[in-house]
Protein chains: 2
Amino acid sequence: MKIAEVSDKTGVSPDTLRYYERVGLLPSVRRNEGGIREYDATDLRRIEFIKCMRRAGLPVETLIEYVQLVLQGDQTIEARKEILQEQRDLLAARIAEMQKTLDLLNYKIGVYESALLEKEKEMLSRVEEF
Amino acid sequence: MKIAEVSDKTGVSPDTLRYYERVGLLPSVRRNEGGIREYDATDLRRIEFIKCMRRAGLPVETLIEYVQLVLQGDQTIEARKEILQEQRDLLAARIAEMQKTLDLLNYKIGVYESALLEKEKEMLSRVEEF
DNA sequence: TCTTGACTTAGAGTTAACTCCAGGTGTTAC
DNA sequence: GTAACACCTGGAGTTAACTCTAAGTCAAGA
């Protein structure tokens with residue numbers, strides 16, 4: 001599968017795909033005789049993984065570290081697990097913070113809603129006055 | 001309260017406080033005769049609000065828009081509510097995505113844990129062999 | 001054969017949100 | 001009164017993560 005098709009399927013731009021490869025996040029993408037990238041199923045799975053992690057805010061650099069460990073084989077399992085645990089904890093903390101912000105936003109929206117209701121009441125009472 | 005103290009209390013650097021003011025996120029910070037910033041309770045509340053929103057990833061630009069509406073008074077309540085609702089929805093969506101990533105991370109950590117257990121078992125069985 | 005369009009590379013440019021710097025002023029402690 | 005220090009401003013620099021550009025290659029169709 002060539003880069004344009006991969007881009008369509010995954011929603012990741014060709015530029016970004018090439019960038020990921022360049023920085024070591026997508027190693028071993030095959031090339032055909034003409035030097036053109038041919039993505040296989042493994043590449044696609046990796047792209048989906050990267051997408052998922054990136055959307056959650058994990059730094060590209062951390063993902064590169066992880067991928068490099070994967071390439072080094074089984075003796076890095078412990079180290080990989082530690083990276084994932086660290087990122088999991090950071091992510092959980094960020095989710096908790098965002099939840100607090102969400103609560104505050106909902107509270108403020110509620111305040112604005114009653115303010116608007118008040119305004120309306122006021123207008124209705126004016127109607128009755130006249 | 002001067003900028004250094006505010007920075008200590010809030011954890012926001014003096015540079016960032018000045019930056020927020022410059023872009024219109026912290027309007028109307030008073031100055032003393034010497035031209036030095038004197039932050040009051042309202043400023044502090046606003047800083048806490050900004051901190052909360054920024055930690056959740058709301059863009060500075062959106063916050064500026066919101067603050068500018070607040071300055072324009074009551075007739076902007078509807079518009080302000082809409083901004084908050086939009087950001088609330090975006091935030092809820094991001095939290096949901098991050099939760100998915102968190103689940104995936106936990107799953108992967110689990111996989112690594114059983115891989116490590118397997119390794120250990122293997123080593124124990126070797127001990128029995130010899 | 002010539003053109004079109006997708007692909008390649010190296011490297012420069014962009015964006016958001018700070019963060020730092022130089023040069024200057026004001027305030028406080030001795 | 002002078003040294004040290006906190007503050008000021010305008011503007012430049014930084015960082016992460018892309019995103020774009022220029023110049024070139026290659027395959028397929030008119």
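Chain letters run A, B, ... following the sequence lines, proteins first, then strands; residues in each count from 1. Hydrogens, waters and symmetry mates play no part in the numbers below; they use all other heavy atoms, side chains included.
- Under a 3.5 Å cut-off, the side chain of Glu78(B) and the backbone N or O of Gln75(B) do not form any donor-acceptor pair.
- Mapped onto DNA chain C by nearest heavy atom, Arg22(A) and Glu61(B) fall at different nucleotides, with Arg22(A) at the one closer to the 5' end.
- Toward the 5′ end of DNA chain C lies the nearest nucleotide of Arg54(B), the other residue of the pair Arg54(B) and Lys2(B) mapping further downstream.
- Look at Tyr20(B) and you'll find a side-chain N or O under 4.0 angstrom from OP1 or OP2 of dC18(C).
- Remark: side-chain polar atoms of Thr10(A) are paired, donor with acceptor, to backbone N or O of Val6(A) under 3.5 angstrom.
- Distances shown here put every side-chain N or O of Arg18(A) at or beyond 4.0 Å from the OP1 or OP2 atom of dT9(C).
- At whole-Å resolution of the value, CE in Met1(B) and C1' in dA6(D) are 16 Å apart.
- Close to dC18(D), at under 4.0 Å from its OP1 or OP2, lies no side-chain N or O of Ser13(A).
- Considering only the side chain of Ile3(B), dC7(D) comes nearest among dC7(D), dC18(D), dA17(C).
- Of all nucleotides listed (dC8(D), dC18(D), dC18(C)), dC18(C) comes nearest to the side chain of Thr16(B).
- The side chain of Arg31(A) contributes an N or O atom lying less than 4.0 Å from OP1 or OP2 of dT9(C).
- When the P atom of dG10(D) is taken as reference, atom CG of Asp15(B) falls 14 Å away, rounded to whole Å.
- Contact annotation for Pro59(A): backbone-only contact, meaning every heavy-atom pair under 4.0 Å involves sugar-phosphate atoms and none involves a base.
- Closest to the Ile36(A) side chain, of the nucleotides dC8(D), dC7(C), dT19(D), is dC7(C).
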